[in-house]
Amino acid sequence: MINEGVDKSKRQFLTSALTVVGTVGTGFIAVPFLAQMQPSVKAMAAGAPVTIDISKMEPGQLLRVAWRGKPVWVLNRTPEVLATLKTLDSQLRDPLSSQSLQPESSKNPARSIKPEVFVAVGLCTHLGCSPTFRPEIAPSDLGENWKGGFFCPCHGSWFDLAGRVYQGVPAPTNLEVPPYRYVSDTQLIIGEQA
């Protein structure tokens, strides 16, 4: 017989060692292929929720943050601003925000979860320009009817400090309110429903 002088334990060791080396090698080859199928860190961050600390916001202050590649505004409204909002309904295209994009938690006259904090995507609903924050009342360039708000200088659209669009301007709808929720009284997360 030919197999009489063969050491079977050496053959089994070599077979086992080759199996282990082959398995590890396959793992090294497979990992890069599997990793490239995952979304990049940049792509994951682009859609990830954003946490904002509003504890240091002063009355009337506007914070600008990025979420999903869009500017998002967080405005700390004063009691005077909230009182002014109630007087503008007759001048607005959609005062009750029935045709606008906002979560259920923001379907109210202030378009926010808490009246004093307004959160909106900072893009004009006409052509996607970014309006400027103009909180002053009756500036010479906007006239005596201006009660503060967001003005899009590209095509002249006006929005009040609840992001509601005025009548007679190119923007068709109110500013979008993104999904957001409060984690505490001083922190909110943009990108998650309340």
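One distance of note links CD1 of Ile190 with CH2 of Trp67; it measures 8.0 Å at 0.5 Å rounding. The CD atom of Glu176 lies 10.0 Å from the OG1 atom of Thr125; values are rounded to the nearest 0.5 Å. The CZ atom of Arg111 sits 4.5 Å away from atom CD of Gln102, with the distance rounded to the nearest 0.5 Å. Interatomic distance, CG of Asn76 versus CG of Leu63, reported as 8.5 Å (0.5 Å rounding).
Using a 4.5 Å heavy-atom threshold, the side chains of Leu85 and Arg164 count as touching. At least one side-chain heavy atom of Val65 sits less than 4.5 Å from a side-chain heavy atom of Ile52. Residues Leu161 and Leu75 are in side-chain contact: their nearest non-hydrogen atoms beyond the backbone lie under 4.5 Å apart.
By the rule that hydrophobic residues join a cluster once side-chain heavy atoms approach within less than 4.5 Å of another member, Ile137 and Leu88 end up as members of separate clusters. In the hydrophobic clustering of ILVMFWY residues, with side-chain heavy atoms under 4.5 Å counting as a link, Val177 and Ile189 come out apart.
For the pair Gln193 (side chain) and Ser105 (backbone), a donor-acceptor distance under 3.5 Å is absent. Not a single donor-acceptor pair under 3.5 Å links the side chain of Thr173 to the backbone N or O of Ser100. Formation of a donor-acceptor pair under 3.5 Å by the Arg77 side chain with backbone atoms of Pro115 is found in this model. A distance-only check finds a donor-acceptor pair linking the side chain of Arg93 to the backbone of Val169 [under 3.5 Å]. No donor-acceptor pair closer than 3.5 Å links the side chain of Thr186 to the backbone N or O of Asp53. Judged by distance alone, the side chain of Asn174 and the main-chain N or O of Asp94 form a donor-acceptor pair under 3.5 Å.
For Phe150 against Pro131, the heavy-atom pair with the smallest separation is CB-CB, 4.0 Å. The two residues Val119 and Leu188 make their nearest non-hydrogen contact at CG2-CD2, 4.3 Å. Residues Ala171 and Cys124 approach most closely at CB-SG, 4.0 Å, considering heavy atoms. The shortest heavy-atom contact between Leu123 and Lys70 is CD1-CG, 4.1 Å. Contact record, Pro178 with Ala120: CD-CA, 3.8 Å, taken as the closest heavy-atom pair. The two atoms that bring Ser130 and Gly122 nearest to each other are OG-O, 3.0 Å, heavy atoms only.
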Step-by-step side chain to side chain contact (heavy atoms under 4.5 Å, CB included) determination, Phe151 to Asp141: CA-CA 11 Å; Phe151 173 67; Asp141 62 330; 5.6 Å; no
Does the side chain to side chain contact (heavy atoms under 4.5 Å, CB included) test come out yes or no for Gln187 and Thr51, once each step is laid out? CA-CA 7 Å; Gln187 283 196 331; Thr51 302; 4.1 Å; yes
Step-by-step side chain to side chain contact (heavy atoms under 4.5 Å, CB included) determination, Lys107 to Ser97: CA-CA 7 Å; Lys107 284 190 176 180; Ser97 300; over 6 Å; no
Carefully, step by step, assess Val81 and Thr78 under the rule side chain to side chain contact (heavy atoms under 4.5 Å, CB included). CA-CA 5 Å; Val81 166; Thr78 63; 3.3 Å; yes
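Here the rule is side-chain contact (heavy atoms from CB on, under 4.5 Å) with Met57, and of Val117, Val74, Leu62 only Val74 fits it.
Partners of Phe118 according to the ring pair (Phe, Tyr, Trp, His ring centres under 6.0 Å) rule, which considers only residues two or more places apart in sequence or in another chain, do not exist here. Shown here are the side-chain contact (heavy atoms from CB on, under 4.5 Å) partners of Glu136, two or more places apart in sequence or in another chain: Arg134, Pro139.
Note on residues 165-188: pairs passing ring-ring contact (aromatic ring centres under 6.0 Å, His included), not counting sequence neighbours, are Trp158-Tyr166.
Within 6.0 Å of CG on Asp185 lie no more than 12 heavy atoms contributed by other residues, nucleotides or ligands.
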